Protein chains: 2
Amino acid sequence: MTKTHDDIDSPLLERCREKGLKMTGQRRVIAYVLSEADDHPDVEELYRRAIVIDPKISVATVYRTVRIFEERGILQRRNFGTGRARYEATDHGQHYHLIDVESGKVEEFHDKELDALLQKIAERMGYDLVTTRLEIYGRTGKARA
Amino acid sequence: MTKTHDDIDSPLLERCREKGLKMTGQRRVIAYVLSEADDHPDVEELYRRAIVIDPKISVATVYRTVRIFEERGILQRRNFGTGRARYEATDHGQHYHLIDVESGKVEEFHDKELDALLQKIAERMGYDLVTTRLEIYGRTGKARA
DNA sequence: GTAAGTGCAAAGCCTTTGCCACCGT
DNA sequence: ACGGTGGCAAAGGCTTTGCACTTAC
């Protein structure tokens, strides 16, 4: 074969190396899957995508890996109200979520003014801002109240 | 005795009646506990507080009750990242949360400027704002990085 | 070579539920 | 009286973990 899962490279892989993580085949695959994802997959979904590339990965490893990645700041865990945790790479930059209450669709957005305001609020309350989590739940303005 | 748990009244009790809920002794107690709470108790904590008033309440009832209250819009469920759901009465009005990442302490805050900005963002993205959820995670600025 | 990572299955934690007795309206 | 409600304990869903084997450095 020309390319095995041991050759998979990805932006996240580099970040893992920087953190000094031992890069096993499984972690490469999971890092790759996460790098490719432009949505917010949960563990089960990550597992599904990972075993396509390497069927020998177990879901326990996915759990262990996302936990480690999260602790190292490579991933962020999200809770959109469904019992399961969902993940996204932190290198997407700081952003917020707007969720369509009717369709469940999640849109990401950025807003400098908001960044600054949240920073200011944290300071005013005597804290160093570590991270924020903001979700706007909205209904598309097409219909009446 | 002068007062049993069947006599307990509370602001939430009235809201429950409005919704047509059958008000059992257990529900009165839970409504009372929730009305008194100025924090964000989880089910276990609600249970602890409830059994002080009526030791015959079971935790299953607490789970069932918060679920019903939530469906009726009397309560809001929150997920601050600790596996357990936490609850607060909706009549506290719109507010946001600042969470101390070290102690887990939760502070509520209000901010008109933030209200307006979120409203503006939703509009700009073509949505009618239904609700928002914002948590600032911070570290108290007492120590260095 | 060695410490760390992985698989598997069992265990854990929070939450829900089946069943039957009980109680509010 | 009737239908919703509560208690208990068992079941469920997601996540973690103990153990023995494998692997990256």
Side-chain angles (χ1 to χ4, degrees), chain A residues 4-9 13-14 16-31 33 40-48 50-51 53-72 74-75 77-87, chain B residues 4-9 13-14 16-33 40-48 50-51 53-72 74-75 77-87 104:
Chain A
T4 80
H5 56 272
D6 288 325
D7 299 311
I8 303 182
D9 207 336
L13 180 57
E14 193 46 44
C16 292
R17 286 198 198 295
E18 288 165 14
K19 305 283 183 180
L21 290 177
K22 189 192 278 193
M23 290 315 292
T24 62
Q26 293 89 328
R27 288 187 179 172
R28 281 163 187 273
V29 171
I30 295 168
V33 165
H40 307 78
D42 58 26
V43 166
E44 195 184 331
E45 182 58 31
L46 289 172
Y47 175 61
R48 268 195 294 267
I51 56 179
I53 304 173
D54 178 1
K56 295 191 309 304
I57 293 177
S58 82
V59 47
T61 296
V62 179
Y63 273 107
R64 278 192 277 237
T65 303
V66 291
R67 172 174 260 255
I68 288 166
F69 283 9
E70 190 198 357
E71 285 166 355
R72 294 300 202 287
I74 295 167
L75 275 190
R77 179 171 27 171
R78 302 280 175 184
N79 257 282
F80 293 130
T82 64
R84 308 142 91 102
R86 299 171 65 175
Y87 298 86
Chain B
T4 79
H5 55 274
D6 289 324
D7 300 311
I8 303 181
D9 207 336
L13 180 56
E14 194 46 46
C16 292
R17 285 199 200 296
E18 287 165 15
K19 305 282 182 182
L21 291 177
K22 189 191 275 192
M23 291 315 293
T24 62
Q26 292 91 329
R27 288 188 180 171
R28 280 165 188 272
V29 171
I30 296 169
Y32 172 79
V33 165
H40 306 78
D42 58 24
V43 166
E44 194 184 333
E45 183 59 31
L46 288 173
Y47 175 62
R48 267 195 293 267
I51 56 178
I53 304 174
D54 178 0
K56 295 190 310 306
I57 293 177
S58 82
V59 48
T61 295
V62 179
Y63 272 107
R64 278 193 276 238
T65 302
V66 292
R67 173 173 258 254
I68 288 167
F69 284 8
E70 189 198 358
E71 286 167 354
R72 295 299 201 287
I74 294 166
L75 276 190
R77 179 171 27 172
R78 303 279 177 183
N79 255 277
F80 295 132
T82 64
R84 307 142 93 101
R86 299 172 65 174
Y87 297 85

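Just so you know, these numbers come straight off a predicted model, no measurement behind them. Proteins get letters first, then strands, A, B, ... in listed order; numbering begins at 1 in each.
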May I have the distance from [X] (atom [atom1]) to [N] (atom [atom2]), rounded to whole angstrom?
X: B:Lys56; N: D:dT5; atom1: NZ; atom2: P; value: 18 Å
X: A:Ile68; N: D:dT16; atom1: CD1; atom2: P; value: 11 Å
X: A:Glu71; N: D:dT15; atom1: CD; atom2: C1'; value: 14 Å
X: B:Arg28; N: D:dG6; atom1: CZ; atom2: C1'; value: 16 Å
X: B:Met23; N: C:dT25; atom1: CE; atom2: P; value: 8 Å
X: A:Arg86; N: D:dT15; atom1: CZ; atom2: P; value: 12 Å
X: A:Ile51; N: C:dG7; atom1: CD1; atom2: P; value: 12 Å
X: A:Lys19; N: C:dA4; atom1: NZ; atom2: C1'; value: 19 Å

Compare side-chain N and O positions of [X] against OP1 and OP2 of [N] and report whether any pair is under 4.0 Å apart.
X: B:Thr61; N: D:dG6; value: no
X: A:Tyr63; N: D:dT15; value: yes
X: A:Thr24; N: C:dT6; value: yes
X: A:Gln26; N: C:dG7; value: yes

Between [options], spot the one nearest the side chain of [X], thanks.
X: A:Arg64; options: D:dT17, D:dG6, D:dT15; result: D:dT17
X: A:Arg67; options: D:dT16, C:dT15, D:dT15; result: D:dT16
X: B:Lys22; options: D:dG7, C:dG7, C:dT25; result: C:dT25
X: A:Ile57; options: D:dG7, D:dG6, C:dG7; result: C:dG7

- Rounded to the nearest 0.5 Å, what separation is found between the CD1 atom of A:Ile30 and the OG1 atom of A:Thr24?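 The OG1 atom of A:Thr24 is 7.5 Å from CD1 of A:Ile30, to the nearest 0.5 Å.
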- Message: Using 0.5 Å steps for rounding, measure from the CD atom of B:Glu18 to the CD1 atom of B:Ile74.
- Response: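 The distance works out to 8.5 Å.
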- Message: Is it the case that the base of C:dG24 and the side chain of B:Arg17 share a donor-acceptor contact (distance under 3.5 Å, atom types as modelled)?
- Response: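 Answer no: no donor N or O sits under 3.5 Å from an acceptor.
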- Message: Check this for me: does the side-chain of B:Arg27 come within 3.5 Å of the base of D:dG6 through a donor and an acceptor?
- Response: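 Flag unset: no donor-acceptor pair detected.
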- Message: Can a donor-acceptor pair be found, under 3.5 Å and without considering hydrogens, that links the side chain of B:Arg86 to the backbone of B:His40?
- Response: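 Side chain of B:Arg86 to backbone of B:His40: a pair is present.
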- Let me know, please, whether B:Ala85 or A:Ala60 comes out on the 5' side of the other along DNA chain C by nearest nucleotide.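 The answer here is A:Ala60.
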- Is A:Arg67 salt-bridged to A:Glu70, cutoff N-O under 4.0 Å?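 Salt bridge flag = no for A:Glu70 with A:Arg67.
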- Query: A:Leu21 versus A:Arg27: any side-chain heavy-atom pair under 4.5 Å?
  - Reply: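 Yes, side chains in contact.
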